[in-house]
Amino acid sequence: QVQLVESGGGLVQPGGTLRLSCAASGSIFSINVMAWYRQAPGKQRELVAAITSAGGTNYADSVKGRFTISRDNAKNTVYLQMTSLKPEDTAVYYCYAVVARRGGRYHEPYWGQGTQVTVSS
C-alpha cells in the first residue's frame, strides 16, 4: 500500500508564492517519476511539472520560469515551489508518483487526493 499526502495549498494573492509538498509513504521499493498535475474548473487535467529519480525535470510552458519542482529521494517527497502566481494558476493540484512496492513486480501509478490552490485578490 502506498499513500501520497499533500500539503501547502491555500489562498494567495497574485504575485505571491506558495510551496506544495507531497510525501509518499508505505511499502515503497522505488519511485520512478513524481509529478504535479492540475485541473481547473471546466478544464482538462494537465501536467504541470515532473521529475525523475535522477533529478531530470520537465515543465509546462505556462509555468516555466515561475515554478520549480524538486524531490528528496530519502524522504520520498516531491515539492512544487510556485512563485509569481497568477489567477490562471487557480486549480486543484494533484500529486502523482509511479511507485514500485516492496515485493511487487511493477511500477504503478498513484495519485494524491488533490489540494486547492486559489490565486485571487
Side-chain angles (χ1 to χ4, degrees):
Q1 294 294 94
V2 175
Q3 302 83 39
L4 304 182
V5 180
E6 300 160 312
S7 62
L11 174 65
V12 296
Q13 295 184 340
T17 297
L18 203 62
R19 192 190 200 198
L20 305 182
S21 300
C22 173
S25 62
S27 298
I28 297 171
F29 177 72
S30 64
I31 303 178
N32 184 359
V33 172
M34 302 188 82
W36 291 94
Y37 287 75
R38 68 185 181 187
Q39 188 167 21
K43 304 293 184 180
Q44 291 186 319
R45 187 173 298 186
E46 65 173 346
L47 176 67
V48 178
I51 185 167
T52 70
S53 59
T57 59
N58 189 41
Y59 297 92
D61 288 341
S62 60
V63 307
K64 192 172 297 183
R66 299 188 297 120
F67 292 9
T68 301
I69 189 170
S70 61
R71 65 190 284 174
D72 185 334
N73 290 336
K75 297 180 179 179
N76 292 323
T77 299
V78 63
Y79 307 93
L80 187 67
Q81 180 76 13
M82 304 184 293
T83 63
S84 301
L85 282 162
K86 305 174 181 179
E88 65 192 51
D89 296 317
T90 296
V92 178
Y93 284 70
Y94 296 91
C95 181
Y96 171 86
V98 182
V99 179
R101 294 180 291 171
R102 289 190 177 94
R105 302 172 184 176
Y106 313 102
H107 282 80
E108 298 176 299
Y110 290 86
W111 291 91
Q113 290 294 111
T115 184
Q116 178 71 46
V117 172
T118 302
V119 184
S120 176
S121 59

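Please read all numbers here as calculations on a predicted model, not as lab measurements. Just so you know, residue 1 is the first one in the sequence shown, and it goes up from there.
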**Study point:** Exam field: side chain E6 to backbone G114, donor-acceptor pair closer than 3.5 Å
**Key:** yes
Check your understanding: When hydrophobic residues are tied together by side-chain contacts of less than 4.5 Å, even through go-betweens, does Y110 share a cluster with Y79?
Key -> no
Review point. R38 and side-chain contact (heavy atoms from CB on, under 4.5 Å): which partner among V92, L47, V63, V117?
Key: V63
Study note, to complete from the structure: Closest heavy-atom pair, A97 versus I31, reported as atoms and distance to 0.1 Å, is CB-CG2, 4.2 Å
Point to revise | Over all atoms of both residues, closest heavy-atom pair of P14 and S120 | key: CD-C, 3.6 Å
Check your understanding: If you take all heavy atoms of L4 and A24, which pair is closest and at what distance?
Key -> CD2-CB, 3.4 Å
Exercise for review: Go through the side-chain N and O atoms of T83 and Q81 and say whether any donor and acceptor fall under 3.5 Å apart.
Suggested key: no
Point to revise | Side chain to side chain, R101 and F29, heavy atoms closer than 4.5 Å | key: no
Check your understanding: Crowded around Q116 CD? As in, over 12 foreign heavy atoms under 6.0 Å?
Key -> yes
Review point. Any idea which heavy atoms bring A40 and A91 closest together, and the distance?
Key: N-CB, 3.8 Å
Check your understanding: Got M82 and R19 here, is their nearest side-chain heavy-atom distance under 4.5 Å?
Key -> no
Check your understanding: side-chain contact (heavy atoms from CB on, under 4.5 Å) between K86 and V119: does it pass, once the steps are laid out?
Key -> CA-CA 6 Å; K86 305 174 181 179; V119 184; 5.5 Å; no
Exercise for review: Might you confirm whether atom CD of Q113 has over 12 heavy atoms from other residues, nucleotides or ligands at distances under 6.0 Å?
Suggested key: no
**Study point:** Between Y94 and Y37, ring centroids under 6.0 Å
**Key:** no
Point to revise | Aromatic ring proximity, centroids under 6.0 angstrom, W36 and F67 | key: no
Review point. Which of these passes side-chain contact (heavy atoms from CB on, under 4.5 Å) with M34: I51, L80, I69, N76?
Key: I51
Check your understanding: If you measure from OG1 on T115 to CG on L18, what distance do you get to the nearest 0.5 Å?
Key -> 8.0 Å
Practice item. Give a yes or no on whether L20 and V12 share a hydrophobic cluster (residues Ile, Leu, Val, Met, Phe, Trp, Tyr; joining criterion: side-chain heavy atoms under 4.5 Å apart). Key: yes
Review point. Looking only at atom types and distance, does a side-chain atom of N32 sit under 3.5 Å from a main-chain N or O of T52, one as donor and one as acceptor?
Key: no
Exercise for review: Please test D61 against K64 for salt bridge (Lys or Arg N to Asp or Glu O under 4.0 Å), starting from the C-alpha separation and ending with a verdict.
Suggested key: CA-CA 5 Å; D61 288 341; K64 192 172 297 183; 3.7 Å; yes
Practice item. State whether the number of non-hydrogen atoms from other residues, nucleotides or ligands found under 6.0 Å of R66 atom CZ is greater than 12. Key: yes
**Study point:** Any donor-acceptor N/O pair, T77 side chain to K75 backbone, under 3.5 Å
**Key:** yes
Point to revise | side-chain contact (heavy atoms from CB on, under 4.5 Å) evaluation trace for L85 with T17 | key: CA-CA 6 Å; L85 282 162; T17 297; 5.7 Å; no
Review point. Would V33 end up clustered with Y59 when hydrophobic side chains under 4.5 Å apart are linked, directly or stepwise?
Key: no
